[in-house]
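To start, the structure itself, in structure tokens.
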Amino acid sequence: MRQIRHQHRRQQNTTYHKPPASEKTLPCGFVPLDKLKPGESGIIRCVGGQGALRRRLLDMGLTPNTKIMVRKIAPFGDPMELSLRNYELTLRRDDARQIQVEEVPQ
Amino acid sequence: MNIKIALVGNPSSGLTTLFNQMTGGIQHSGYFSTAKTATKEGPVKKHKGVSVIELPGLYSLSSYSKEDLSTRDILVNGRPDVIINIVDATSIERNLYLTLQLMELDIPMVLALNMMDEVRNNGVAIDLARLGEELTIPVVPISASKNEGIHDLIHSAISTAHHNIRPQKIDFCSGYVHTAIHSISHLIEENAAQVQLPIRFCSTKLVEGDELIMDELKLPEPERDIICHIVEDMETHLETDREAAMADMRYAFIENLAKKTIFKEAGMTKEHLRSLKIDAVLTHKYFALPIFFGIMFLVFWLTFAVVGAFLSDVFSYGIDYFTGFVDGLLSQASVSDALHSLIIDGVFAGVGSVLSFLPIIAVLFFFLSILEDSGYMPRVAFVMDRLLRHLGLSGRSIVPMLIGFGCSVPAIMATRSLPSQRDRYMTTILIPFMSCSAKLPIYAMFTSVFFPDYEAFVLIGLYITGILISILSALLFKNTLFSGNPVPFVLVLPHYRIPAAKSVGLRMWENVKGFIKKAFTVIFIATIVIWVLQSFDLGLNMVHSSDDSMLASLGKWAAPFFAPLGFGDWRAATALITGLSAKEAVVSTLAVLTGAPDTAALGMMLHTIFTPLTAFVFLCFCLLYVPCIATLTAIRREMGGTMAAVLVAFFQIAVAWIVSFMIYQIGSLLF
């Protein structure tokens, strides 16, 4: 029975290891990180994006429930400088959009 | 017993500083075991048979970037005897994330907790014994820049390797993730043993969804299905996906560990606060760009106009003096004319003219090392990224491009610091369009002869033409050859630090050494070849006037190629060919071929070869065509192949020809 269910699942979704974009960029109802202004903080709720980008974000410690603060925006409006886990990280706005945060009041 | 130590850690955690302290700066690029990429190896001071390999800084052993993969390959297949994992104690959470992955490789390992001086200064206490106990590996506190604890670290590493003490499996996972890892490790046990891969590493990577490990293990279809199923099960229960689940587990374990072992007051360290204050100015909304250009201007001005130029003059004087001395000796010894000419006109003139650039290269690298070690470079990338992204590059390419205005060779060497191969290659191809300082003598000669009233305009026009062509080429490449996905711009801004004199000095020496080596190999051979071509005719008889030489025949043969550009004279063609050895050779060749005794006479002679329009076209061609042989060898080294260098050369000749052709044709219509 298990085997049958499993085979069925594989046929349905042959690209199992790389889920389609829609599956991972689903909004989870919080604020995209790029909407935060300098000085504002939030708690990461979900990390979207795909492949190398998503993996890099997770590797750098942008995991759910981590507190993150927008420190500043680069002179030309992009990328943004973030502060988390006691260090400073820069991300482009397009990439930051994949991360959704719950705003923390000042 | 021979012991190989692998040095692994996050970028800017002190890898190079520690490597230099361990080896005393002696290093050679080696090919470690199975790896295809060159690694930096060196013998450990005062420990016979012990060598250390510095691997490029990385944050994770993922399979997404080529750089991470090559490091992974070196560790897994190269099997070092012991890993020293260097960890920045002031940013311990992010650093330990890599540590947890390294521990899974089942290789004896020691944790070097760096920057302990800063930790102490800020009143932070770390329970080292507890940390070591929890991680099941020895922990040695060090301060690489102050040379503290290095001795203990080396001893700890050697004894760990001797006794083959490997990290134990620590359970950083709980619940469903733990179950998944456990079940998968049972399933792949035999396959992992067969292909000799560490089983713990394989199981966690399989849970993360690492396709490469799946293929390397050569798992049969049914097993693959079961693994899929196990992971699916885990995802359903956790309501998250495999990658997030694993990263979350690792970071949760680290947070917990930090709580138990690190005791500090709330707030930032002094160094962190200082960094933020410096950044308030250096990456300021309005000041950032002027400050950046100011710093770059200062570096170039000091290098090319003040210190470097002075040293270069002194150096050239020394070379000239030595040349004269040898010349005198040869005359006294009455050696044959041919040999005399080969040594003085060929080797001394050729190698000497290139060597005179040595001080400039040393000074330029002195300043660039300071900029790099202080932590300013990532800020430049942060500020400039938006502009460069339009060209399909990232902010980090700006630094090598700027060095290119000085000299293409160090600029191309500087592309090594770029994070992706795609960016490295693209930047390398664009760098030669940045007009290098060796082309200035050509510009100076021609503008003073043909455009005496508009010298500055023509010069600036040439620089701008170079930049425009590089922008156009970047746009062309972005949509064709290098259309692949750029590596995400996820860049850490490390704290500003005062550069260590030792590391700046060593980096300078490394580049100087490379340059000297090149001068006495490639350039040495090239000058001999050009001398032979210039001194003999096709019947191999020594010629009195270079008009009859092989070089002239070559020039006459190549001249029709340049005729559509307006300068079909064989002397122009010959000058461009000799310009390949070094750009300054264009002027000296023209002087020799026209038989002009001095600069004024050369000016008169040039009027017989060029019109103002064709002179400008000639300058454009010089600006854009193949850089010197030194640059081509640098390209060959960085792009890993003669073929790549040949293709780049063809591309540049094609661009130079097409642009010059267009300028000439349009110019002919207008004037």
Side-chain angles (χ1 to χ4, degrees), chain A residues 2-3 5-7 9-10 13-14 16-19 23-24 26 28 38 44-67 71-96 98-99, chain B residues 59-60 62-65 88 90-94 97-98 208-209 211 214 225-226 228-229 231-232 240-241 243-244 246-248 250-252 254-255 268-269 272 275-276 279-280 283-289 378 381-387 389 395 485 487-495:
Chain A
R2 253 189 157 187
Q3 193 66 24
R5 193 198 130 215
H6 185 63
Q7 274 176 0
R9 179 72 195 257
R10 264 180 81 88
N13 186 359
T14 45
Y16 177 76
H17 295 287
K18 290 173 189 112
E23 202 171 302
K24 277 191 179 169
L26 273 181
C28 63
I44 297 176
R45 286 301 173 210
C46 50
V47 182
Q50 274 183 287
L53 169 70
R54 182 162 196 271
R55 183 57 206 265
R56 186 45 45 109
L57 295 177
L58 292 167
D59 283 346
M60 299 311 287
L62 292 129
T63 51
N65 303 322
T66 307
K67 195 180 172 193
R71 198 170 287 286
K72 70 165 69 165
I73 309 288
F76 294 104
D78 202 12
M80 50 203 312
E81 181 180 339
L82 308 164
S83 178
L84 78 152
R85 294 188 190 273
N86 211 16
Y87 79 98
E88 269 70 41
L89 183 74
T90 63
L91 272 189
R92 286 173 180 166
R93 278 174 179 275
D94 281 347
D95 300 339
Q98 309 291 339
I99 298 165
Chain B
Y59 296 107
S60 167
S62 79
S63 60
Y64 277 113
S65 88
D88 177 354
T90 63
S91 182
I92 206 158
E93 279 188 28
R94 193 194 66 224
Y97 183 79
L98 176 66
E208 280 173 0
E211 294 281 333
M214 188 81 101
D225 282 351
I226 298 171
C228 269
H229 183 73
V231 174
E232 229 167 74
T240 180
D241 67 294
E243 285 180 318
M246 285 299 293
D248 199 33
R250 287 200 166 106
Y251 270 109
I254 293 167
E255 280 168 32
M268 287 179 278
T269 63
H272 197 165
S275 268
L276 293 180
D279 264 344
T283 63
H284 184 270
K285 192 167 183 197
Y286 300 112
F287 302 151
L289 216 53
F382 171 65
V383 172
M384 301 300 285
D385 181 63
R386 181 71 185 266
L387 296 181
R389 207 179 332 155
N485 289 327
V487 167
F489 185 77
V490 182
L491 180 70
V492 174
L493 298 181
H495 298 171

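Naming: A, B, ... by sequence-line order, numbering from 1 per chain.
Applying the side-chain contact (heavy atoms from CB on, under 4.5 Å) test to B:A244 and every residue at least two apart in sequence or in another chain returns A:R54, A:L58, B:T240, B:D241. B:S60 meets the side-chain contact (heavy atoms from CB on, under 4.5 Å) test with A:R55, A:D59, B:S62, B:Y97, B:Q101; sequence neighbours excluded.
Using a 4.5 Å cut-off on side-chain heavy atoms (C-beta onward), A:R85 and B:E255 make contact. A:T90 is listed as a side-chain neighbour of B:L493, based on a closest heavy-atom distance under 4.5 Å. B:H284 has its side chain out of reach of A:K72: every pair of non-hydrogen atoms, C-beta onward, lies at least 4.5 Å apart. The shortest distance between side-chain heavy atoms of B:Y251 and A:T66 does not fall below 4.5 Å. Looking at B:L276 and A:E88, their side chains come closer than 4.5 Å, going by heavy atoms from C-beta outward. Between A:L91 and B:V490 there is a side-chain heavy-atom pair separated by less than 4.5 Å. The closest side-chain heavy-atom distance from A:F76 to B:D385 is not below 4.5 Å.
Heavy atoms of B:I92 lying under 4.5 Å from chain A are absent altogether. Residue contact with chain B, scored on non-hydrogen atoms closer than 4.5 Å, is absent for A:L84. Both the backbone and the side chain of A:N86 come within contact range of chain B, with heavy atoms under 4.5 Å apart. Heavy-atom distances place no part of B:L98 under 4.5 Å from chain A, backbone and side chain included.
A:Y87 and B:S91 get closest at one heavy-atom pair: CB-OG, 3.9 Å.
Taken to the nearest 0.5 Å, the CZ atom of B:F382 stands 9.0 Å off from the CE atom of A:M80.
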Worked verdict on B:R250 versus A:T63 for side chain to side chain contact (heavy atoms under 4.5 Å, CB included): CA-CA 10 Å; B:R250 287 200 166 106; A:T63 51; over 6 Å; no

Candidate pair B:D279 and A:E81, rule side chain to side chain contact (heavy atoms under 4.5 Å, CB included), full reasoning: CA-CA 11 Å; B:D279 264 344; A:E81 181 180 339; 4.3 Å; yes

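Chosen from A:P64, A:G77, A:P75, A:S83, the residue pairing most often with chain B at heavy-atom distances under 4.5 Å is A:P75. Most heavy-atom pairs under 4.5 Å with chain A, from the set B:E208, B:M268, B:M246, B:M384: that is B:E208. Interface summary for chain A: among B:R94, B:E93, B:K285, the most heavy-atom pairs under 4.5 angstrom belong to B:R94.
Classification of B:R389 and A:D78 as a salt-bridged pair holds, one side-chain N sitting under 4.0 Å from a carboxylate O.
Side chain of B:Y59 to backbone of A:M60: no donor-acceptor contact under 3.5 angstrom is found.
Under the 6.0 Å distance and 45° angle rule, A:R56 does not count as a cation-pi partner of B:F489.
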